[in-house]
*Asks:* 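One structure coming up, written as structure tokens, with questions to follow.
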Amino acid sequence: MEHCILQIVLDTPLDSSFDYRWPLRETGAEAGAPAAPGLPQIGQLALVPFGRQQVMGLIVGISDRTEVPADKLKDALEVRSQLTALPEAWLELCRFAADYYQRPLGEVALPALPKNLRTAKVSSLERNLKKVAKDAVAQDSNPNPEPALNAGQQQAVDAIASAQKFSPHLLYGVTGSGKTEVYLQAAAKVLAQSPDAQVLILVPEINLTPQLEKHLRQRFSGIQIATLHSGMAEGERVRHWLSAHLGQARIVLGTRLAILASLPNLKMIVIDEEHDPSYKQQEGLRYSARDLAVWRARQLDIPVVLGSATPSLESWLHAKTLRYRKLSLAERAVKDAVLPVVKIINTEHEKPSEGLTQRLVTAIRLRLEKGEQSLLFLNRRGYSPVIACDACGWISNCTRCTAHLVMHKLDRKLRCHHCGLEQRIPRSCPTCGNIDLQPLGRGTQRIEESLAQIFPGARVFRIDADSTRLKGSAEAAFDTVHRGEVDILIGTQMVAKGHDFKNLTLVAALNPDSALFSQDYRASERLFAQLMQVAGRAGRAARKEDGNLSEVLIQTRYPDHPLYHALMAHDYDSFANDLLEEREQAGMPPFIYQALLRAEAKQLQIALDFLHQAAALATDPGITVNDPIPMTMTRVANVDRAQLLVESTSRPALQYFVKNWISDLRALKSRVKWSVEIDPVDI
Ligand code: ADP
Ligand code: ZN
Ligand code: ZN
């Protein structure tokens with residue numbers, strides 16, 4: 001034999017592999033014999049000509065024959081034999097994801113690899129491999145000792161680490177109950193079980209929670225830890241990826257993309273804050289890292305831990321039906337620390353001035369006098385969400401989107417948060433010339449301004465996407481708060497994440513009501529999780545005997561809403577159970593399964609027409625087809641968007657239907673841009 005045929009997948013929308021010829025230098029290799037050095041292997045990368053380009057592909061099969069006629073068959077240019085082949089289990093994971101999310105394998109597998117591996121020269125790969133091999137593990141002379149666990153934590157650690165087989169655990173623990181310590185000690189046990197065991201820990205956002213990484217490095221001195229997230233420079237990312245792929249890094253800490261990392265000896269997966277929406281990728285391959293994590297754990301027959309104070313209803317239902325084992329941590333871990341008292345301020349009776357009620361102002365003043373910190377949570381950045389003209393009714397709308405232009409006072413701009421359109425704030429009304437334009441509503445910048453006026457001596461600090469645009473600035477901002485250089489912190493949901501502010505005793509939510517009546521049925525579930533999480537920032541070190549019970553104040557016009565009552569009682573159980581019951585009665589997820597067809601066009605009608613055509617093709621029994629509708633935010637950046645939701649009580653039936661539907665839709669050859677999302681969350 002002089003040549004073999006490499007079956008290679010590429011990052012293209014074409015759902016097949018491509019055959020390339022590869023000359024065999026070694027002769028006489030028999031079928032079934034171990035691959036001689038120099039022979040390509042499944043799971044290796046290969047550079048191939050494709051059209052007029054050269055692209056990196058992944059070898060998924062090796063054969064001695066091909067259907068491609070000899071004059072059309074091209075040679076592969078290079079096989080990256082320097083890089084150990086990606087493991088079969090990893091390929092299987094990609095195959096599953098491709099199949100489940102209805103994408104070509106190449107579009108799943110290749111983007112899962114660091115870009116640098118796919119584009120850089122072989123010399124760069126060799127350099128990186130050398131660097132990784134030399135990477136000495138930092139030995140900390142003074143590693144942090146493990147604290148003694150409380151009974152709940154101990155039970156959880158034992159349950160997780162003794163589970164040798166696939167066993168999903170829902171670690172349900174109130175904020176501050178010490179879930180992190182459970183992850184660390186369970187990981188330590190798993191790592192101790194074999195010298196090459198690897199543990200994967202997923203977090204929603206590493207930049208917002210650098211504390212976990214610090215804890216890991218202090219605790220696991222002598223063990224190599226790799227981090228994987230989208231904020232890393234390419235060179236750094238490829239080296240971390242390589243150390244995981246080579247089995248050198250034994251702990252991998254990463255965001256959702258890390259679920260597709262190559263981990264040859266993976267023995268446990270942890271998903272912290274498993275309810276967090278950022279585990280769902282919202283473009284391209286719209287996968288759920290949480291769901292893939294559970295699949296991967298099942299594939300490898302290993303334990304997986306999903307941790308949260310407010311689990312997703314999907315996981316909650318699995319725990320109720322005993323598919324997941326629920327491990328509860330009901331109390332805060334620090335001795336005598338108690339949960340903050342949640343109080344409602346009825347803004348119907350106590351009218352806010354500049355967004356702040358008198359009661360809240362008094363509470364902040366009290367903290368200032370005691371030298372304690374306050375946190376104000378407002379999920380709206382900018383100065384005001386819109387400006388308007390009283391005289392003629394003009395309001396600042398984006399010309400390209402179904403959205404308002406947000407006023408940003410500091411740089412005197414109106415800005416669309418959806419398409420990025422920017423304008424100077426007009427001096428007068430563009431319609432009638434009135435010079436008295438009014439900002440309506442409040443964003444974080446405006447509250448910051450009011451706070452500075454009310455408390456002239458206080459150090460007021462804002463953290464949101466605008467204040468932390470520069471790389472590393474979010475971390476620096478949180479450090480400022482930790483160092484105690486801030487009295488009043490105002491921020492968006494960025495401040496709700498897992499920070500442990502020792503001196504924070506007051507948390508206030510300024511205007512959470514809008515989510516209560518959103519047409520997105522998941523909005524209230526999310527609001528509860530957010531409020532619970534932000535409330536959980538308060539009083540993490542406060543002690544009963546000090547008499548300084550921490551407070552959470554909610555300013556609302558709907559003080560009787562069940563969501564706020566559940567929050568006051570710190571009662572996620574009943575809240576989640578009630579929601580589940582509602583969902584079951586209404587026939588909504590997690591009791592049914594959904595797929596969403598989206599269409600985009602210059603004109604709404606074109607998108608809708610396409611969806612009507614698509615709906616007419618959907619005739620499977622057992623599949624419910626809803627009406628095509630414009631998306632809530634119909635227009636973004638001059639493109640109109642519409643959607644069609646299909647549902648089924650059976651996941652396999654839905655999968656089967658969607659697969660055929662997609663090929664029918666392709667056959668339409670429509671010029672409309674469309675895509676199908678499985679298990680959509682934003683609809
Ligand atoms: P969670 O992730 O559940 O919100 P953390 O893991 O951040 O909670 O823990 C909250 C605090 O409790 C941290 O300061 C942590 O160091 C402390 N802690 C955790 N476990 C223990 C323990 N067994 N004994 C004493 N303190 C603990
Ligand atoms: Zn006007
Ligand atoms: Zn816009």
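We count ligands from 1, going down the list as the structure has it; atoms in each ligand are counted the same way.
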*Asks:* Could you tell me whether the side chain of Ile395 reaches within less than 4.5 Å of the side chain of Ile387, counting heavy atoms only?
*Replies:*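 Not in contact.
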*Asks:* Any salt bridge between Arg641 and Glu600, counting N to O under 4.0 Å?
*Replies:*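 So Arg641 does not pair with Glu600 through a salt bridge.
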*Asks:* Does any N or O of ligand 1 fall below 3.5 Å from an N or O anywhere on Gly176, backbone included?
*Replies:*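 Yes; at least one N/O pair falls below 3.5 Å.
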*Asks:* Evaluate Thr175 for polar contact with ligand 1, using N/O atom pairs at a separation under 3.5 Å.
*Replies:*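 No, no N or O pair falls under 3.5 Å.
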*Asks:* Please could you name the atoms of ligand 1 that Leu149 approaches to less than 4.0 Å, counting only its heavy atoms?
*Replies:*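 Those qualifying, in numeric order: 23 (N).
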*Asks:* Under 4.0 Å from any heavy atom of Ala148, which atoms of ligand 1 are there?
*Replies:*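 Contacts of ligand 1 toward Ala148, numbered from 1: 22 (C), 23 (N), 24 (N).
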*Asks:* Considering only NZ, NE, NH1 and NH2 on the basic side and carboxylate oxygens on the acidic side, decide whether Glu372 and Lys502 come within less than 4.0 Å.
*Replies:*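 Here Glu372 does not pair with Lys502 in a salt bridge, since their nearest N and O are not under 4.0 Å apart.
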*Asks:* Taking the Zn ion (ligand 2) as the vertex, how big is the angle to SG in Cys389 and SG in Cys392, rounded to 10°?
*Replies:*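 Computed angle, vertex at the Zn ion (ligand 2), rounded to 10 degrees: 110°.
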*Asks:* Give a yes-or-no answer on whether the side chains of Tyr172 and Asp573 include a donor-acceptor pair shorter than 3.5 Å.
*Replies:*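 On atom types as modelled, these side chains qualify, holding a pair under 3.5 Å.
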*Asks:* If you count the non-hydrogen atoms of other residues, nucleotides and ligands that lie under 6.0 Å from CZ in Arg427, is the total more than 12?
*Replies:*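 No.
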*Asks:* Heavy-atom contacts with Val174 under 4.0 Å: which atoms of ligand 1 show up? List them by number with element.
*Replies:*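 Listed by number with element: 3 (O).
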*Asks:* Please tell me whether Gln493 and Gln533 have a donor and an acceptor in their side chains that are separated by less than 3.5 angstrom.
*Replies:*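 The answer is no; no qualifying pair exists.
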*Asks:* In degrees, rounded to 10 degrees, what angle do Cys419 atom SG and Cys401 atom SG make at the Zn ion (ligand 3)?
*Replies:*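 SG of Cys419 and SG of Cys401 make an angle of 100° at the Zn ion (ligand 3), to the nearest 10°.
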*Asks:* With atoms numbered from 1 as shown, which atoms in ligand 1 lie under 4.0 angstrom from a non-hydrogen atom of Gly178?
*Replies:*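 So the atoms of ligand 1 that pass are 1 (P), 3 (O), 5 (P), 6 (O), 8 (O), 9 (O), 19 (C).
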*Asks:* Salt bridge check, Asp411 against Arg415: does any charged N sit closer than 4.0 Å to a carboxylate O?
*Replies:*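 Asp411 and Arg415: salt-bridged.
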*Asks:* Nearest non-hydrogen atom to atom 18 (N) of ligand 1 belongs to which of Pro147, Ser177, Ala333?
*Replies:*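 The residue whose heavy atom sits nearest atom 18 (N) of ligand 1 is Ala333.
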*Asks:* Between Gln153 and ligand 1, which part of the residue brings a heavy atom under 4.0 Å of the ligand: side chain, backbone, both or neither?
*Replies:*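 Near ligand 1, Gln153 shows its side chain, while the N, CA, C and O stay back.
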*Asks:* Hydrogens and angles aside, do Thr634 and Asp640 bring a side-chain donor and acceptor to less than 3.5 Å of each other?
*Replies:*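 Short answer, no.
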*Asks:* Using 2.8 Å as the threshold, say whether any N, O or S atom from Cys398 sits that close to the Zn ion (ligand 3).
*Replies:*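 So Cys398 does bind the Zn ion (ligand 3) by this criterion.
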